[in-house]
Amino acid sequence: MDLYHNIYDDGFEDQRDPEYEILMENAQVQDFSDMNLPNYTAQAVEDMLSVERDYIDTKDLCLKILAELKGHNIPQELFATRIISRSQGTLSDLLGKPKPWEMLRAGRNTFKRMYNWMVQPYETRMAILFGDPVGTVAVSTPSPRNKRNKRQSSSPGDSAPKKPRLVFTETQKNALVKVFKETERPSSKMQKVIADHLHLDVSTVNNFFMNARRRRHRAARTSEEQDQEQYFQ
DNA sequence: TGAAAGTCAATAAC
DNA sequence: GTTATTGACTTTCA
């Protein structure tokens, strides 16, 4: 499917304008300090990004955002923090494997912000990304969640030492995958047996199956879509 | 209350 | 240096 199909009637700016063409040719351009970008207040930015939307073609949007970031050499880290108030890893995951709008719940908000950024004129998009908004936002909508701040703050200086991230050994991983192929939803009893056998916490085993189910279904959906696209070509 | 959804953030991969 | 992956935490929902 064409990346920019329906570009003229879906609310997105016409990206074939001369300015866009020049920028795409000079993808190295990254210094916006001398561009005289408009300076919005934090509240104005928030108002722009939080406009309600009834429906968003998430897949199409993500392709456009990816092209925009790549075309202008905008780091994901910057976009993630400035536009959606999320981490780089989360953004990468969302852009690479977007869930369809109808399957989203609270997560719609994140796509809504990406969409609302994308429909702005070029100068506004860059001003939001690189600008230094004045003032504060009256209602703190998308800020990182309270308890998450707690999680983030458990860094140097904190009394509780950070738990190192577990990486499954090859044996553990192989065994877990093997069981998963046979049963995606093992009973608590079975999970306990697996945990004991692999010298893992039951919660770790439970997390593995939870993540595996979610990620497998997402992968299945993606390949289904690809099949459909090939069929309709 | 348990499962699903949303996400963080370390770190693997490029 | 940047992006993708992924185990685990937090929030939402039935």
Side-chain angles (χ1 to χ4, degrees), chain A residues 27-31 50 56 58 61-63 65-115 129 140-158 160-177 179-180 183-192 194-195 198-223:
Chain A
Q28 299 306 316
V29 175
Q30 214 177 353
D31 182 14
S50 54
I56 293 170
T58 55
L61 170 67
C62 287
L63 288 172
I65 300 267
L66 279 167
E68 184 81 352
L69 299 186
K70 193 164 272 187
H72 298 162
N73 279 338
I74 298 163
Q76 286 189 0
E77 174 76 41
L78 178 72
F79 184 85
T81 50
R82 295 295 293 257
I83 309 301
I84 61 172
S85 300
R86 296 288 173 261
S87 68
Q88 175 275 323
T90 296
L91 174 67
S92 172
D93 196 43
L94 291 174
L95 292 177
K97 299 144 202 159
K99 281 171 81 169
W101 182 254
E102 55 274 14
M103 290 185 70
L104 290 162
R105 295 175 183 181
R108 283 184 177 183
N109 189 52
T110 307
F111 285 96
K112 194 181 72 187
R113 294 179 73 84
M114 290 199 264
Y115 181 91
L129 267 181
S140 57
T141 339
S143 56
R145 299 158 191 198
N146 297 338
K147 290 192 180 173
R148 202 151 273 150
N149 287 336
K150 209 182 272 177
R151 185 158 128 191
Q152 286 167 344
S153 69
S154 65
S155 35
D158 258 354
K162 201 179 244 175
K163 206 167 144 190
R165 182 182 159 169
L166 169 75
V167 179
F168 292 127
T169 64
E170 210 177 321
T171 312
Q172 289 170 330
K173 186 91 188 197
N174 289 342
L176 287 166
V177 169
V179 175
F180 183 75
T183 167
E184 290 193 4
R185 210 177 290 271
S187 65
S188 312
K189 210 173 185 178
M190 192 170 171
Q191 287 187 33
K192 173 82 171 71
I194 296 166
L198 299 175
H199 308 291
L200 292 167
D201 288 348
V202 178
S203 63
T204 297
V205 172
N206 184 252
N207 282 334
F208 171 83
F209 283 96
M210 200 93 98
N211 285 322
R213 281 199 295 273
R214 177 215 322 236
R215 286 164 182 157
R216 196 189 91 75
H217 292 149
R218 191 168 61 177
R221 203 178 54 231
T222 306
S223 69

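Lettering of chains follows the sequences in order, A, B, ..., and the numbering in each one begins at 1. Everything numeric here is computed off the predicted structure, so don't read it as measured data.
Note that the CD1 atom of A:Ile83 and the CD1 atom of A:Ile65 stand 8.5 Å from one another [nearest 0.5 Å]. Interatomic distance, A:Glu184 CD to A:Met210 CE, rounded to the nearest 0.5 Å: 13.5 Å. Rounding to the nearest 0.5 Å places CG of A:Leu66 at 4.5 Å from CG of A:Leu95. The CG atom of A:Leu176 sits 7.0 Å away from atom CD1 of A:Ile194, with the distance rounded to the nearest 0.5 Å. Of the inter-residue distances, the one linking A:Thr204 atom OG1 with A:Phe209 atom CZ reads 12.0 Å to the nearest 0.5 angstrom.
Using a 4.0 Å heavy-atom cutoff across all strands shown, A:Ser203 reaches no nucleic acid atom at all. Within 4.0 Å (heavy atoms only), A:Gly107 reaches sugar-phosphate atoms of the nucleic acid but no base atom. Counting non-hydrogen atoms under 4.0 angstrom, A:Arg108 reaches nothing in the nucleic acid.
The side chain of A:Arg165 lies closest to C:dT6 when the candidates are B:dA3, C:dT6, C:dA8. Comparing C:dG7, C:dC13, B:dT7 against the side chain of A:Leu166 picks out C:dG7 as the nearest. Comparing B:dG6, B:dT11, C:dA8 by their closest approach to the side chain of A:Lys99 singles out B:dG6. Candidate nucleotides B:dG6, C:dA4, B:dA9 were compared by shortest atom distance to the side chain of A:Gln76, and C:dA4 ranks first. Nearest to the side-chain atoms of A:Met210 among the listed nucleotides B:dG6, C:dG7, B:dA3 stands B:dA3.
In this structure, A:Leu94 atom CG and C:dT3 atom P are separated by 15 Å, rounded to whole Å. If you take CG of A:Asp201 and C1' of C:dG7, they are 12 Å apart, rounded to a whole angstrom. When the P atom of B:dA5 is taken as reference, atom NE2 of A:His217 falls 10 Å away, rounded to whole Å. Summarising the geometry, the separation between CZ on A:Phe111 and C1' on B:dT7 is reported as 12 Å, rounded to the nearest angstrom. Nucleotide C:dA4 holds its P atom 12 Å from the CZ atom of A:Arg218, rounded to whole Å. Regarding A:Leu176, its CG atom lies at a distance of 9 Å from the P atom of C:dG7, rounded to whole Å. With rounding to whole Å, A:Phe168 atom CZ is found 15 Å from B:dT11 atom C1'. One can place CD of A:Gln172 at 15 Å from P of C:dT6, the figure rounded to the nearest angstrom.
Closest non-hydrogen pair, A:Ser92 versus A:Gln76, comes out as CB-OE1, 3.3 Å.
Comparing A:Asn206 and A:Arg215 along DNA chain B, the residue whose closest nucleotide (by nearest heavy atom) sits nearer the 5' end is A:Asn206. Each of A:Lys97 and A:Arg214 was matched to the nucleotide of DNA chain C holding its nearest heavy atom; the match closer to the 5' end belongs to A:Lys97.
For B:dG6, neither phosphate oxygen OP1 nor OP2 lies less than 4.0 angstrom from any side-chain nitrogen or oxygen of A:Thr110. In this model, the phosphate group of C:dT3 is not approached by any side-chain N or O of A:Ser92 to a distance below 4.0 Å at OP1 or OP2. Put simply, A:Arg105 has no side-chain N or O that comes within less than 4.0 Å of OP1 or OP2 on C:dT12. For the OP1/OP2 pair of B:dA9 and a distance below 4.0 Å, the side-chain nitrogens and oxygens of A:Ser87 include no atom meeting the criterion. Residue A:Lys70 places no side-chain N or O under 4.0 Å from the OP1 or OP2 atom of C:dT2.
With hydrogens and angles ignored, a donor-acceptor pair under 3.5 angstrom links the side chain of A:Gln88 to the base of C:dA4.
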